[in-house]
Q: 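The structure follows.
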Amino acid sequence: MSLYNTTAIETKWLDYWEKRELFQGTEKTALSVSPEDAMFLLFAFAYPSGQGLHVGHVESKTALDILARFYRMHGKAVFFPVGWDAFGLPAENYAIKTGVPPAETTKKAINTFRRQIKRLAISYDWKNEIATSHPGYYKWTQWLFLQFFNQGLAHKKPGLVNWCPSCQTVLANEQVVSGLCERCDTEVTQKELDQWYFKITNYTEELISGLDKVDWPQATKQQQLNWIGKKEGVIINHQMKNSNLQLDTFSAYPAWLFADTFIVIAPEHPLVEKMAKGTKYETTVKNFVEESRKLTSKDHLENKFEKKGVFTGRYVNDPFSGNDMPVWVANFALMDFGTGIIRCSGHDPRDVEFAEKYNIPLKEVVERIDGIDGPVNAHTNQGILIDSGKFTGKEISEELIEDMLDWIEEEGIGKRETTYRLRDWLISRQRYWGAPIPIVYDPEGNPHPVKEEHLPWKLPEDVDFKPTGESPLRSSEEFIARTEKLYGKGWRPEFDTMDTFVDSSWYFFRYTDARNEQEFASKDQMAAWLPVDLYMIGPEHIVLHLLYARFFTKFLRDEGYISFDEPFSKMRHQGMILGPDNKKMSKSKGNVINPDSVIDKFGADTLRVYEMFMGPLESDKPWDVSAVAGVFKFLNRIHRLVITLNQGDQRQTPSSDVIQALHQAIQKTTEDIPKLKFNTAIAKLMECVNTWETAAKEGAGLDEESAKKFIRVLAPFAPFLSEELHQVLEGTAKSNPKASVHESSWPEFDEELAKEDVLSIPVQVNGKLRAQLSIDRVQSEDTAFVLEEALKNERVQHWIGDKKIKKQIYVPGKIVSLVVID
RNA sequence: GCCUCGGUGGCGGAAUUGGUAUACGCGACAGACUUAAAAUCUGUUGGCUUCACAGCCUUGUGGGUUCGAGUCCCACCCGAGGCACCA
């Protein structure tokens, strides 16, 4: 038996769909249906890398494509757009090496992706395609920047920033991973620079509470919360002796405040220099600060267990004990947590380690009640307070802590405070291939927004790509001349470009109205489609992109453009597809599977069905070369069954078995597809084919009408084969093709036909399975009858013997359970 | 250390949310067709005991609840990911 010709079928129907412009230009279709029938399916748009499509892209794109086709067959309006996160470093780095402009490389890469995606029959709406590097797109990225600027949410400030010496640019906190640059793994250093920031921290509380409104994986929500890092505690004010300086400390464990005996301050803290000035410790302190500034974040991590510090020569008054507390500069105090200053006690193992090293006296104020040795710490924070002023003798509890905080506030010693890990978003990048920040400076150096009529504020082309540590745009004569011509002599443009995460924070708005030249998107179009019904995104984008996109959404709501406040109602992540060796695919390991070569060998349908059949969408799964061939076999069996059905005069009268299998398959796919459980849906289709094949051998396979239903259910998974078979059955495959199978409607299933006629009811005696009863479905409702049948059963009788039946249970249609006693 | 998700045959995985554990696929073994191989087709396939009928065991480990637990509860072990000198 020969195999069907995948290439011939696929080119034929691809061509036909393209001519028909199937599912293209769908942006207005939401207007003709009720809002709940408008589905916006969003794939996290990709960076068009020179490597082309990999099998991981295929998985998530296919999953969404199946949903798109499924919902269209249900008469819903589906919006399934495509675009490119086209600005970014790889194209620029390539330009540095070869001199080829990023615009060219990017265009080429997009063309490759487009060809590969079309081959897969992903039913994207190509008429609404976008690319962030297109002036028609970044004009609005810049316009949005100006809205933030006008509202005071984009501002320039000096500060210590993360600097990647290899990429020659600053990085956001989010782009530094364990002290290394997220992209190139170079050690990140600190640098003092004037940079642009977005005030995402204005929305911190809302970024937390909004998570309750969305259907996202729990782990994703948790990671966002970790990143925001909310922590409640108390700020205590301290007056410095012989000085007008005041030190504020942050404490998350107020029960120990009476135990604190000394204070440490972070080396980067601006007060360090001031307090040491004029004391005999000035030089020691200065040297220590210098030394720690030189450390990269990675050094810092590697030295993490060695605590170092120096005394500043200063004391503060302790509002709790009334004693003097020495102030130390220490490397374990972090500038970006709390206030950068800590009160230290014998209850924190870290403080203890430091104090013992430098012989600083320690104190404890909690008497343990759990009988364990050693001081009470953060994990065993219970016991009775001793030597704690008016709180002595009280047991630590939530109420006690509230009382202490009330007292602290009444006494004016300090006040309740919540700190966050989240910082404002640094968006300046000293790179070429990004959207220019639309700001110009007057001769005095004051920033002014670029006028709206000058947008898009175009990225100049006459630049030198070689990295110098300064923005490449500085080398553009055209850029400077343009600014002077439009704004006056002595004016100069901002030379930095925006972080590419700015581009991707609003692309889903643009999709809804991609060709609008008057607005970033019209309110009507956004209201018609948004929020996104399902967002499919890799787990690697959980923190950065999602946080930023949510921030943009909340801002645009406050500006009155939209009325919702969370952009992605439902989100799911695809798992990673691993190499056959169960390891992450990588060129160096030589375990990369190329989707093009799989298509060449087995066709796009096999690739799609295999990837959906591998296992649950969200889990990581290894590639199995022979299982791919198994899927191809499955599709060939379908092809054979349908082709022989249409040949000769062997008209089949389907057996009840095969009709039942068909209705079960329709039912299962109807239920599983919206739940993204594609693997079990396909398993059911396979079972149906198994039954069909057996029945067909006896002349009792599916009739033509039933076969057509099967093909329609198969269509979202295997769009090419199902189109071919659909047109074969319509008699239109060779010439004059008719309406596509993908325009047909989803078949209904008959629940009665899907049910088994005779049920096999298991009987348990004392919890052990002892017999199977065959009961007619109608009779299975009759409890008395089934129990009687069970007791009559020979095997059941054998296990009961002459023992007494204590209890008998029948769960209709499921199981009989008998309990006997000796 | 904290948070999250997991642990089921040789492998990928299924199990209607407390009701026949191992669906479906891969692999393996045996057979048919063939000079032979490939392809295709047919059977068998969790473990142990048994000539067989059949019985016992089995969802990381140990307890518990229940007529009944992969599923619920408690304790622990292992793996993956995230956060972390976080006061």
Side-chain angles (χ1 to χ4, degrees), chain A residues 1-3 177-178 217-227 229 231 233 249-253 256 260 263-264 266 300-301 303-307 330-334 336-345 347-351 353-354 377-379 419 421 539-540 542-543 576 578 582 610 613-616 618-631 633-634 636-637 640 668 671 677 679-690 693 697 760-772 795 806-820:
Chain A
M1 195 65 79
S2 68
L3 301 171
V177 180
S178 5
Q218 192 50 40
T220 306
K221 292 186 182 184
Q222 196 55 49
Q223 278 188 52
Q224 293 239 324
L225 290 175
N226 281 351
W227 190 263
K231 198 152 210 176
T249 60
F250 177 77
S251 179
Y253 299 97
W256 311 336
D260 298 326
I263 288 208
V264 298
H300 198 74
L301 275 182
N303 294 331
K304 115 190 211 178
F305 296 111
E306 204 200 335
K307 287 171 186 49
N331 63 349
F332 69 92
L334 303 176
D336 51 11
F337 185 82
T339 60
I341 313 175
I342 323 175
R343 286 171 64 94
C344 299
S345 76
H347 289 290
D348 188 322
R350 208 184 39 217
D351 299 349
E353 190 189 332
F354 185 78
N377 60 38
H379 306 298
T419 64
R421 199 181 105 91
E540 67 279 10
I542 284 173
V543 176
M576 205 191 309
L578 307 168
N582 225 321
Y610 170 64
F613 184 60
M614 287 173 87
E618 65 280 6
S619 51
D620 295 348
K621 347 165 235 287
W623 190 269
D624 181 341
V625 177
S626 45
V628 183
V631 167
K633 230 185 279 179
F634 163 65
N636 269 295
R637 285 161 68 202
R640 206 175 304 139
K668 185 78 175 156
E671 289 165 0
K677 292 170 75 177
N679 54 333
T680 50
I682 292 169
K684 202 71 190 175
L685 292 177
M686 288 173 168
E687 282 185 61
C688 179
V689 169
N690 290 345
E693 221 167 37
K697 279 177 193 151
S760 179
I761 305 284
V763 183
Q764 288 183 348
V765 179
N766 280 356
K768 285 202 194 281
L769 184 66
R770 295 303 183 191
Q772 295 283 348
R795 288 181 42 76
K806 189 182 150 201
K807 199 169 179 182
Q808 40 188 356
I809 296 159
Y810 173 55
V811 182
K814 303 271 193 199
I815 199 165
V816 174
S817 186
L818 304 172
V819 186
V820 299

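Residue numbering restarts at 1 for every chain, and letters A, B, ... go by the order of the sequence lines.
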Q: Please give, in whole Å, the distance from G13(B) P to K677(A) NZ?
A: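 The answer, rounded to whole Å, is 15 Å.
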Q: Of the candidate nucleotides C41(B), G19(B), C86(B), which contains the atom at the shortest distance from the side chain of K814(A)?
A: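 Shortest atom-to-atom distance from the side chain points to G19(B).
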Q: Hey, which of I342(A), D260(A), I263(A) is the one that makes side chain to side chain contact (heavy atoms under 4.5 Å, CB included) with T249(A)?
A: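 In the set I342(A), D260(A), I263(A), the residue that makes a side chain to side chain contact (heavy atoms under 4.5 Å, CB included) with T249(A) is I263(A).
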Q: For the side chain of R770(A), counting heavy atoms from C-beta on, which of A14(B), C56(B), C26(B) is nearest?
A: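 The answer is C56(B).
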Q: What form does the base of G25(B) take, syn (within 90° of 0) or anti?
A: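 G25(B): anti glycosidic orientation.
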Q: Filter on side-chain hydrogen bond (donor to acceptor under 3.5 Å, both in side chains), then keep only pairs touching residues 807-819 of chain A, sequence neighbours left out; what's left?
A: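 Those involving residues 807-819 of chain A do not exist here.
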Q: E687(A) side chain: which of C24(B), G13(B), A87(B) is closest?
A: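 Closest of the options to the side chain of E687(A): C24(B).
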Q: Return the nearest nucleotide to the side chain of S251(A); candidates are G13(B), C83(B), A87(B).
A: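 Among G13(B), C83(B), A87(B), the one nearest the side chain of S251(A) is A87(B).
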Q: When you measure only distances, ignoring hydrogens and angles, does the side chain of K307(A) come within 3.5 Å of the base of C85(B) through a donor and an acceptor?
A: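 Yes, the side chain and the base share a sub-3.5 Å donor-acceptor pair.
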Q: If you check every side-chain atom of F613(A), which of G55(B), G19(B), G12(B) has the closest atom?
A: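 So the side chain of F613(A) is nearest to G12(B).
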Q: Which whole-number value in Å describes the distance from N226(A) CG to C2(B) P?
A: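 Going from CG in N226(A) over to P in C2(B) covers 14 Å.
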Q: With the side chain of R350(A) defined as its heavy atoms from C-beta on, choose the nearest nucleotide among U20(B), G82(B), C85(B).
A: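 Closest nucleotide among those given: C85(B).
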Q: Compare the minimum distances between each of C26(B), C24(B), A15(B) and the side chain of K633(A), then state the nucleotide with the smallest one.
A: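 Among C26(B), C24(B), A15(B), the one nearest the side chain of K633(A) is C26(B).
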Q: The side chain of R421(A) lies closest to which of these nucleotides: C3(B), G12(B), C83(B)?
A: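 Of all the options, the side chain of R421(A) is nearest to C83(B).
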Q: Which nucleotide sits closest to the side chain of D624(A): C26(B), A87(B), U4(B)?
A: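 That would be C26(B).
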Q: Could you measure the distance from the CG atom of N331(A) to the CG atom of L334(A)? Nearest 0.5 Å is fine.
A: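 Going from the CG atom of N331(A) to the CG atom of L334(A) covers 9.0 Å.
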Q: Atom CZ of F337(A) to atom C1' of C86(B): distance rounded to whole Å?
A: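 Interatomic distance, CZ of F337(A) to C1' of C86(B): 4 Å.
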Q: Is a donor-acceptor pair below 3.5 Å formed from side chain Q772(A) to base U20(B), judging by atom type as modelled?
A: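 Check passes, donor-acceptor contact within cut-off.
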Q: In terms of side-chain heavy atoms of Q223(A), which of U40(B), U42(B), G82(B) is nearest?
A: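 Looking only at side-chain atoms, Q223(A) lies closest to G82(B).
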Q: Below 3.5 Å is the cut-off: list the nitrogen or oxygen pairs between protein and nucleotides 66-68 of chain B, distance only.
A:
residue: C67(B); atom: OP1; partner: K807(A); partner atom: NZ; Å: 2.9
residue: C67(B); atom: O2; partner: S817(A); partner atom: OG; Å: 2.5

